[in-house]
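See structure below.
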4 protein chains.
Amino acid sequence: MRAVVVTGEFGLDRIEISSRQATAPGPGEVQLKMSVASLNYRDLLMVQGAYNPRQPLPLVPCSDGVGTVSAVGTGVEVGDRVCPIFAQAWLAGEPTRAILRTTLGGPLDGTLQESMCVAASGTVPVPDYLSDEEAATLPCAAVTAWSALSTHGGVRAGDTVLVQGTGGVSIFALQLGKAMGARVIVTSSSDAKLERAKALGADATINYKQTPKWGDAARDLTGRRGVDHVVEVGGGGTLEQSLRAIRPGGTISIIGVLSGAAGTVNLLPVLMQNVRLQGIVVGHRESFASLMRALETSRIHPVIDRTFALEDTAEALRYLKTGAHFGKVCIRHS
Amino acid sequence: MRAVVVTGEFGLDRIEISSRQATAPGPGEVQLKMSVASLNYRDLLMVQGAYNPRQPLPLVPCSDGVGTVSAVGTGVEVGDRVCPIFAQAWLAGEPTRAILRTTLGGPLDGTLQESMCVAASGTVPVPDYLSDEEAATLPCAAVTAWSALSTHGGVRAGDTVLVQGTGGVSIFALQLGKAMGARVIVTSSSDAKLERAKALGADATINYKQTPKWGDAARDLTGRRGVDHVVEVGGGGTLEQSLRAIRPGGTISIIGVLSGAAGTVNLLPVLMQNVRLQGIVVGHRESFASLMRALETSRIHPVIDRTFALEDTAEALRYLKTGAHFGKVCIRHS
Amino acid sequence: MRAVVVTGEFGLDRIEISSRQATAPGPGEVQLKMSVASLNYRDLLMVQGAYNPRQPLPLVPCSDGVGTVSAVGTGVEVGDRVCPIFAQAWLAGEPTRAILRTTLGGPLDGTLQESMCVAASGTVPVPDYLSDEEAATLPCAAVTAWSALSTHGGVRAGDTVLVQGTGGVSIFALQLGKAMGARVIVTSSSDAKLERAKALGADATINYKQTPKWGDAARDLTGRRGVDHVVEVGGGGTLEQSLRAIRPGGTISIIGVLSGAAGTVNLLPVLMQNVRLQGIVVGHRESFASLMRALETSRIHPVIDRTFALEDTAEALRYLKTGAHFGKVCIRHS
Amino acid sequence: MRAVVVTGEFGLDRIEISSRQATAPGPGEVQLKMSVASLNYRDLLMVQGAYNPRQPLPLVPCSDGVGTVSAVGTGVEVGDRVCPIFAQAWLAGEPTRAILRTTLGGPLDGTLQESMCVAASGTVPVPDYLSDEEAATLPCAAVTAWSALSTHGGVRAGDTVLVQGTGGVSIFALQLGKAMGARVIVTSSSDAKLERAKALGADATINYKQTPKWGDAARDLTGRRGVDHVVEVGGGGTLEQSLRAIRPGGTISIIGVLSGAAGTVNLLPVLMQNVRLQGIVVGHRESFASLMRALETSRIHPVIDRTFALEDTAEALRYLKTGAHFGKVCIRHS
């Protein structure tokens with residue numbers, strides 16, 4: 001079977017298709033025949049060596065994807081179409097450092113291989129109404145948005161959620177926020193993207209190029225009460241405005257690795273308004289499973305921008321790097 | 001100004017229209033010019049002396065209603081159209097016995113009077129899109145359903161909620177459950193009412209006359225996983241089936257006074273499935289205010305069955321007693 | 001190796017010592033050399049066929065115990081002294097019906113065998129300061145008390161906790177309640193046992209034979225505010241008083257299988273006081289692990305009543321049945 | 001009656017004793033005969049004009065104190081010895097911007113006056129076992145520590161809490177953490193102060209002058225698991241170490257105004273370890289009342305450093321500024 005690997009050293013031009021022997025599943029494991037993988041910004045950083053320079057090579061990149069159970073080890077029943085979960089050992093409850101090191105696409109080999117074996121407990125069945133491309137986008141971006149809004153954020157119907165930009169997590173936060181009955185405000189520098197956000201259900205939009213003080217603008221949209229929840233993907237540059245937008249006692253979810261740079265924040269407004277900053281590192285299997293029920297009920301369709309062939313993985317990552325996409329970029333295994 | 005009062009002794013035929021002097025608001029108070037009141041089963045029990053036989057008379061019945069601020073005491077600004085809240089002293093957090101004795105329609109005089117004074121903090125502004133009739137239905141039934149599902153229940157998008165029957169709380173639970181992204185199952189003995197529930201968004205319905213073991217039927221509708229939340233209004237007779245429907249770790253909200261009779265429950269299934277039974281006695285002002293934001297976003301319209309004139313209050317209560325209504329029964333002050 | 005088994009049919013006189021081949025650990029498993037087991041009332045019911053008459057035999061009874069890792073399968077490191085957890089597959093989060101069927105001492109073979117294999121993830125290391133007898137008592141009774149008070153109950157320092165009687169769960173609830181900074185009231189029919197409860201830290205005690213309306217007495221002890229939390233082990237007979245003792249918005253943890261009989265409850269006070277009844281079926285691994293840190297800090301010593309030899313298991317169960325014990329009854333494997 | 005006032009302009013040398021007419025209580029209000037006030041760093045900043053330069057003058061400074069109800073308005077019963085709460089309108093639940101502007105000692109006149117009137121709902125009775133000095137220290141520092149650990153932090157028995165320094169909030173966090181059954185680590189630059197912390201119950205101490213990487217040292221003290229909760233009072237300089245000390249999923253409470261300077265923080269570790277930063281702006285009346293029950297049970301005595309006379313208020317503030325104190329600085333009204 002074929003696998004995409006980064007070998008020798010990091011870099012987009014170090015991506016190769018390698019032919020490997022498919023492994024048989026061990027006890028408690030399942031073997032997956034993979035059909036589609038989906039890219040996150042983390043995958044680009046990983047391949048370039050910017051995420052973790054000490055990551056041993058060769059590595060099969062990419063944490064998100066979907067496949068069908070092709071063989072099972074002892075004591076596990078054959079399932080259907082499943083996604084492997086991001087942190088393979090994080091089933092529920094609190095994470096530990098050891099658990100946070102069981103992530104696919106580095107340090108563990110990822111989904112860009114035609115066949116892979118994972119623990120049966122490290123998979124979640126996906127709803128039938130989703131295409132393979134759509135299902136493949138769920139493990140990182142959708143679970144992150146869901147953990148932020150639902151598991152940690154406790155967003156209630158009628159709450160106002162502010163979503164920054166139109167990246168993968170942000171679009172899922174928009175769609176899921178609407179499914180939860182929230183009012184959603186979206187920011188972007190592109191009026192065209194804001195139009196697409198409105199078509200997906202955004203109640204209000206702000207072009208942050210035209211309105212650099214978008215935090216105040218967002219607060220105005222709530223009658224000066226402040227928004228209940230911000231999905232913060234931009235890091236230090238945007239956090240100042242987020243702190244102007246948020247209501248006293250509100251929550252700002254920090255998803256900042258997407259910004260590619262660490263942010264700094266003046267803590268005084270955090271303190272003075274009883275605000276919570278909650279770091280979100282994807283989420284556990286229990287959240288993933290409850291998200292599947294939310295999708296089943298809401299019939300949300302993940303937004304797919306474009307799908308590449310397995311042999312065009314480097315090209316797909318270069319496309320991701322341009323930032324021109326709206327929605328997820330996928331890779332078909334065959 | 002006119003007020004409906006029960007004088008001398010309890011009974012539907014003891015209801016009179018009385019002419020009273022409107023009171024001026026004290027410091028921190030507002031005077032409301034009431035426009036519509038809305039009936040709950042509790043009001044019927046109260047008037048009949050079945051809710052609290054020691055309630056002193058005369059009493060102005062009815063806890064729910066809407067009015068306009070007509071005068072204010074010192075230190076309070078004039079608001080707009082508001083509802084008085086059910087337990088006047090319950091602003092947020094945990095209730096106390098003293099707080100639970102500050103309820104309108106007994107022991108305190110209620111909303112069936114053309115003018116009333118309450119503390120400014122004991123009111124909540126209502127959204128413009130609602131008619132007076134619609135707004136008048138909110139303080140008990142809608143706040144109870146919201147407290148059950150959202151404040152105490154933590155229902156998430158994709159959860160399955162089972163709603164018993166089509167009384168006031170149950171219809172709000174159906175509408176709010178859908179606004180929160182839940183999947184809602186409704187039971188009733190009437191196929192006609194189940195059809196109306198479907199029109200309001202119910203995902204599945206069960207006729208409990210035709211299917212006495214509706215608890216198992218509900219569980220079957222979740223792929224044998226069990227429903228996440230039951231809004232229990234029927235008391236002992238229905239709780240056994242609710243316990244068959246619920247998933248391990250699920251929540252059953254107890255709204256049982258609507259059944260008019262105390263129920264008994266075998267506690268063993270509660271224990272063995274880690275289930276929670278949560279008593280719900282309406283809710284606090286903070287819940288009421290967050291509900292207003294949920295309505296504003298979802299544009300839910302409360303279902304009004306019929307509106308009577310103030311002088312026909314006894315007739316309205318007799319109509320409520322028949323159980324023929326679907327939705328709320330209201331009384332217009334003029 | 002020797003194991004205690006119930007064979008052929010249920011009954012205390014069907015308990016035999018059987019000689020079995022020790023199993024080698026499979027992948028992800030550990031083999032434990034068991035040193036002490038500890039009895040719960042559930043074990044007595046199980047052996048008598050009263051807990052689950054359809055339980056297949058032979059069965060090694062008993063869910064609680066402690067042992068040392070003697071061999072490990074692939075991929076697991078050798079640990080130290082550990083307890084196997086009650087529901088082997090419940091690691092954290094919400095339970096499912098499937099998870100609740102992975103309990104030791106039925107349906108799975110239990111701790112009354114000199115050697116047993118369990119998944120490495122189904123064990124928790126125990127603090128050094130505890131003896132083997134003390135450690136063996138933790139998996140059911142202590143984890144149940146901890147789940148009730150801490151995981152589900154959110155008991156805070158200064159809260160008043162009412163503990164019924166002096167059985168295994170109740171004594172742990174007393175000790176853990178004190179370690180959490182709560183005020184603890186204990187009830188019993190025996191003044192001698194109440195004295196021992198005081199020696200363990202009880203702030204107040206009530207003899208329920210002398211004070212049948214102990215619910216009101218407990219409420220009086222809180223200045224009529226009501227207790228914040230009741231650990232309910234007695235079922236229907238005691239719940240009525242618990243509902244008189246509890247404050248509005250308080251929590252009653254249901255641990256009722258200890259009563260040996262299902263209780264019934266008038267739901268009206270539950271509803272009218274916004275009370276929560278929370279079923280507690282032991283707890284998950286994450287709760288067990290956090291309990292170990294609480295023990296490490298508080299240096300609580302589980303109360304051991306008496307220890308029997310493996311060959312005297314039937315005698316030990318008969319002793320448990322008399323109810324004469326104060327604290328846990330243990331069985332040494334050698 | 002006498003009051004301490006800052007008039008004309010800000011500054012320690014602008015503090016005067018002024019003779020004022022005592023106000024009679026309005027409806028719903030109580031008049032308090034004040035006996036002791038207690039200083040916080042906020043009071044020093046306020047008097048110097050550094051907290052809010054736009055604060056109108058004259059101002060009676062100081063938010064903390066204790067008094068006895070000397071007269072009551074209509075509808076309120078006479079209470080006993082009470083503390084006025086910090087944010088007079090924050091009774092429970094979520095704060096709003098309007099609520100956060102009802103704080104004593106600016107913008108509202110504070111406790112450094114012999115008589116003051118506040119709403120009855122803006123007071124909390126204090127336990128008898130406390131002296132007036134001890135009781136006067138509670139409204140800001142103790143409520144802040146309690147909100148951080150209990151209301152927002154959910155600290156459980158056995159959790160490890162790291163407390164920075166030995167200021168007012170920190171000593172309360174140490175004492176309350178121990179009362180909750182937590183393990184407490186204290187940092188300071190002074191070995192003498194660390195000795196006093198140990199005498200108050202600290203389980204471990206770190207001199208951060210001798211161990212600049214005290215975050216790693218703290219984590220080592222937990223077997224590399226990480227501490228569960230940090231009470232962060234130092235702002236940007238210390239937060240970096242706090243983020244090294246915390247476990248994945250842990251909480252850092254931000255009390256940073258004590259540092260007198262805004263901090264900045266690298267958000268990446270927040271994100272990557274699923275950490276929560278929770279701003280704490282004192283707390284509401286419900287938290288204050290539950291704290292009183294925790295004190296009643298634990299018999300904690302607030303640590304008093306020194307008490308000044310009303311006419312020596314400026315001297316007391318200068319002493320606070322030196323940082324030489326250990327425990328609270330108080331001012332007696334007579």
Side-chain angles (χ1 to χ4, degrees), chain A residues 80 92 124-125 127-128 142-143 145-161 172-173 175-185 201-204 221-223 225-229 247-250 283 286-300, chain B residues 80 92 124-125 127-128 142-143 145-161 172-173 175-185 201-204 221-223 225-229 247-250 283 286-300:
Chain A
D80 296 300
V124 171
D128 289 343
V143 173
W146 180 248
S147 294
L149 297 184
S150 182
T151 311
H152 289 286
V155 167
R156 300 167 73 172
D159 281 1
T160 300
V161 173
F172 275 119
Q175 293 178 301
L176 292 170
K178 289 313 296 173
M180 297 163 79
R183 196 174 158 233
V184 181
I185 303 171
D203 297 276
L221 286 169
T222 65
R225 181 175 168 267
V227 306
D228 299 279
H229 199 112
R247 72 160 167 85
E286 189 171 272
S287 280
F288 200 151
S290 67
L291 169 61
M292 292 307 96
R293 291 190 290 274
L295 292 187
E296 192 93 57
T297 305
S298 63
R299 300 276 146 168
I300 288 173
Chain B
D80 295 299
V124 171
D128 289 342
V143 173
W146 181 248
S147 293
L149 297 184
S150 182
T151 312
H152 288 287
V155 167
R156 302 167 72 170
D159 282 0
T160 300
V161 173
F172 276 119
Q175 292 177 302
L176 291 169
K178 290 312 299 174
M180 297 163 78
R183 193 173 161 237
V184 180
I185 303 172
D203 296 276
L221 286 168
T222 65
R225 182 176 168 266
V227 307
D228 298 280
H229 199 111
R247 72 160 167 85
E286 189 172 274
S287 280
F288 200 150
S290 67
L291 168 62
M292 292 307 94
R293 293 191 289 274
L295 292 188
E296 192 92 58
T297 305
S298 63
R299 298 277 145 167
I300 287 173

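Chain letters run A, B, ... following the sequence lines, proteins first, then strands; residues in each count from 1.
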Q: Might you point out which heavy atoms bring Ala179(A) and Ala157(B) nearest each other, and give the distance in Å?
A: O-CB, 4.2 Å

Q: Name the region of Ser150(B), side chain, backbone, both or neither, that has any atom closer than 4.5 Å to a heavy atom of chain A.
A: both

(Q) Minimum heavy-atom separation for Arg156(A) and Thr151(B), please, with both atom names. (A) NH2-OG1, 3.0 Å

Q) Out of curiosity, Thr222(A) OG1 to Arg293(B) CZ, how far, rounded to the nearest 0.5 Å? A) 9.5 Å

Q | Residue Thr160(A) versus chain B: region with a heavy atom under 4.5 Å | A | neither

**Q.** Smallest separation among heavy atoms of Lys178(A) and Thr297(B), with atom names
**A.** NZ-CG2, 4.4 Å

Q. So what's closer than 4.5 Å to chain A heavy atoms on Arg225(B): side chain, backbone, both or neither?
A. side chain

